[in-house]
Amino acid sequence: MFERPRGTRDFNPSQAASHRFVERAFRRTAEAFGCREVLTPTFENVELFKAKSGPGILDEMFTFKDKGGRDLALRPEFTASIIRFYNSELRSEPKPLKVFTLGNCFRYEEPQMGRYREFWQWNCEIIGAPSLESDSDVIALADAGLKQVGLKKTELRIGHIGMLRKFLAFPPHDQASVLHLLDKKRFADLKTALARLGAEQLFDIVSSVAQLKGGPEVLDKAQSLLGQAAKEAVEYLRMLGGQLALYGIKDFVYDLGVVRGLDYYTGMVFEIDSPNLGAEKQVGGGGAYTLTNVLGGEATSSTGFAIGIDRVVLSAGQEGVRMAPRPLDAYVIPIGQPMRAKAFEIVMHLRMAGLCADVDLMGRGPSKNLDYANSVKARTSVLIGEKEAAKGVVALRDMESGKQTEVSVQDLVAALKGGGEPKAHKTGKKPTRRATKP
Ligand code: HAM
């Protein structure tokens, strides 16, 4: 017996169905917002992430050397890859470029519920539209995706990293380490770090700002604490609130402690929590940033976010969202050996018509086959015996009610696509065996 690597998971059919259900909702929402899908490599040159993801990410990366001695890393996120792709090939696309991707990422973290070494993200970026409208479109997209999944109990927190960056005007490396401590809410270490930079007097102000959370009144407080450094950001956040109202988004809080763990953010930042998840409750986050220039291109404003699919699945489960897989529309049961060929013809006819259909592969009798159909939650069973074949019909059995009707082979697809009870004349006979309910 082999064990899987720490922090990774296997997904059984029902877990995989939940995962794909959430992915489908995200893909549909992204497309509804005019985003197009892109795909980038699972591993990249390590330098790409060193450029601007920040020390947090670097410590958490899975890095390795290939046989040519090149330093590579499994992607810990998508943003750097998408911006690399933009710089090299997508620059001349019409602006704004709205793209999304869905896939697995890897971070060498201490695994726990909701925190894995391999996890999945839905990532969206709007590149080349430096506006309030694109920031609000991105927030609305994240919000709509979670609503499409069926989540109701999420908390959207919006802040602005620009005001702290302006206020903490240290060299980039020092500023990044101070912001990291703020992000992790490690206030004691923050005090020490500020003292080391000769700016201990800033501690009270910065730690107070980082704890401001609430309605528009917290913007006034930030302004009075940070003065001129907060002016632009505060005005921006007020306007953003007005813009989000156009999308029907009113239920959010300003949280000036949203700092984000990645170093590239420059303006509006946001996070979304699912309070029913415990310690790892952040389901998504993002904000405005400029990364194109850091990765060797022209400075282009961008805004985006990523949502953790694994955490959304956990949260949707907690909220009782049904994430059922696509059901098997029909399970075809030949009655007796001579009918097997006909059964395969019928099952292929159904499959090619876009239905989910399966057929007995075990040579079982009708009763065992009905049990199997029940256990795989087939909507119907299609029984085909010699008598039926002679008349060009099948017996279509609704597995929920046990009701059985005769349907001509030509009408079978329409009867199954009609859903619910098969619409055909009754046989007049009682079903031979009532299926046990799943
Ligand atoms: P992030 O906050 O690092 O942002 O990750 C986004 C989401 O991915 C988190 O909120 C969380 O739900 C999920 N996530 C992160 N790490 C793990 C893990 N170890 N296990 C399970 N889920 C995890 C980014 O990645 C940015 N690239 C977002 C972005 C896009 N900003 C601008 N554009």
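Indexing begins at 1, ligand by ligand and atom by atom, following the structure's order.
- In this structure, a donor-acceptor pair under 3.5 Å is present between the side chains of R165 and Q175.
- A salt bridge between D183 and R260 is absent, with no side-chain N of the basic residue lying under 4.0 Å from a carboxylate O of the acidic one.
- Between R75 and E44 there is no salt bridge, since no side-chain nitrogen of the basic residue lies less than 4.0 Å from a carboxylate oxygen of the acidic one.
- Ion pairing between E319 and K152 fails under the 4.0 Å rule for side-chain N and carboxylate O.
- Taking the six-membered ring wherever Trp is involved, the centroid distance between the rings of Y254 and F252 falls below 6.0 Å.
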I'd like a table of the close N/O pairs between ligand 1 and the protein (anything under 3.5 Å), one pair per line with both atom names and the distance.
from: ligand 1; atom 1: 2 (O); to: R260; atom 2: NH1; distance (Å): 3.3
from: ligand 1; atom 1: 2 (O); to: R260; atom 2: NH2; distance (Å): 2.9
from: ligand 1; atom 1: 3 (O); to: R107; atom 2: NH1; distance (Å): 3.0
from: ligand 1; atom 1: 3 (O); to: R107; atom 2: NH2; distance (Å): 3.0
from: ligand 1; atom 1: 4 (O); to: R260; atom 2: NH2; distance (Å): 3.1
from: ligand 1; atom 1: 5 (O); to: Q121; atom 2: NE2; distance (Å): 3.2
from: ligand 1; atom 1: 8 (O); to: Q121; atom 2: NE2; distance (Å): 3.2
from: ligand 1; atom 1: 10 (O); to: Q282; atom 2: O; distance (Å): 3.4
from: ligand 1; atom 1: 10 (O); to: Q282; atom 2: OE1; distance (Å): 3.2
from: ligand 1; atom 1: 10 (O); to: G284; atom 2: N; distance (Å): 3.3
from: ligand 1; atom 1: 12 (O); to: Q282; atom 2: O; distance (Å): 2.9
from: ligand 1; atom 1: 12 (O); to: V283; atom 2: O; distance (Å): 3.0
from: ligand 1; atom 1: 12 (O); to: G308; atom 2: N; distance (Å): 3.4
from: ligand 1; atom 1: 16 (N); to: R107; atom 2: NH1; distance (Å): 3.4
from: ligand 1; atom 1: 19 (N); to: E109; atom 2: OE1; distance (Å): 2.4
from: ligand 1; atom 1: 19 (N); to: Y116; atom 2: O; distance (Å): 2.8
from: ligand 1; atom 1: 20 (N); to: Y116; atom 2: N; distance (Å): 3.0
from: ligand 1; atom 1: 25 (O); to: R107; atom 2: NH2; distance (Å): 3.1
from: ligand 1; atom 1: 25 (O); to: Q121; atom 2: NE2; distance (Å): 3.0
from: ligand 1; atom 1: 27 (N); to: E77; atom 2: OE1; distance (Å): 2.5
from: ligand 1; atom 1: 27 (N); to: T79; atom 2: OG1; distance (Å): 2.8
from: ligand 1; atom 1: 27 (N); to: Y264; atom 2: OH; distance (Å): 2.9
from: ligand 1; atom 1: 31 (N); to: Y265; atom 2: OH; distance (Å): 2.6
from: ligand 1; atom 1: 33 (N); to: T79; atom 2: OG1; distance (Å): 3.3
from: ligand 1; atom 1: 33 (N); to: E125; atom 2: OE1; distance (Å): 2.9
from: ligand 1; atom 1: 33 (N); to: E125; atom 2: OE2; distance (Å): 2.9
from: ligand 1; atom 1: 33 (N); to: F305; atom 2: N; distance (Å): 3.3

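- Salt bridge annotation for R28-E23: absent, with no cationic side-chain nitrogen under 4.0 angstrom from a carboxylate oxygen.
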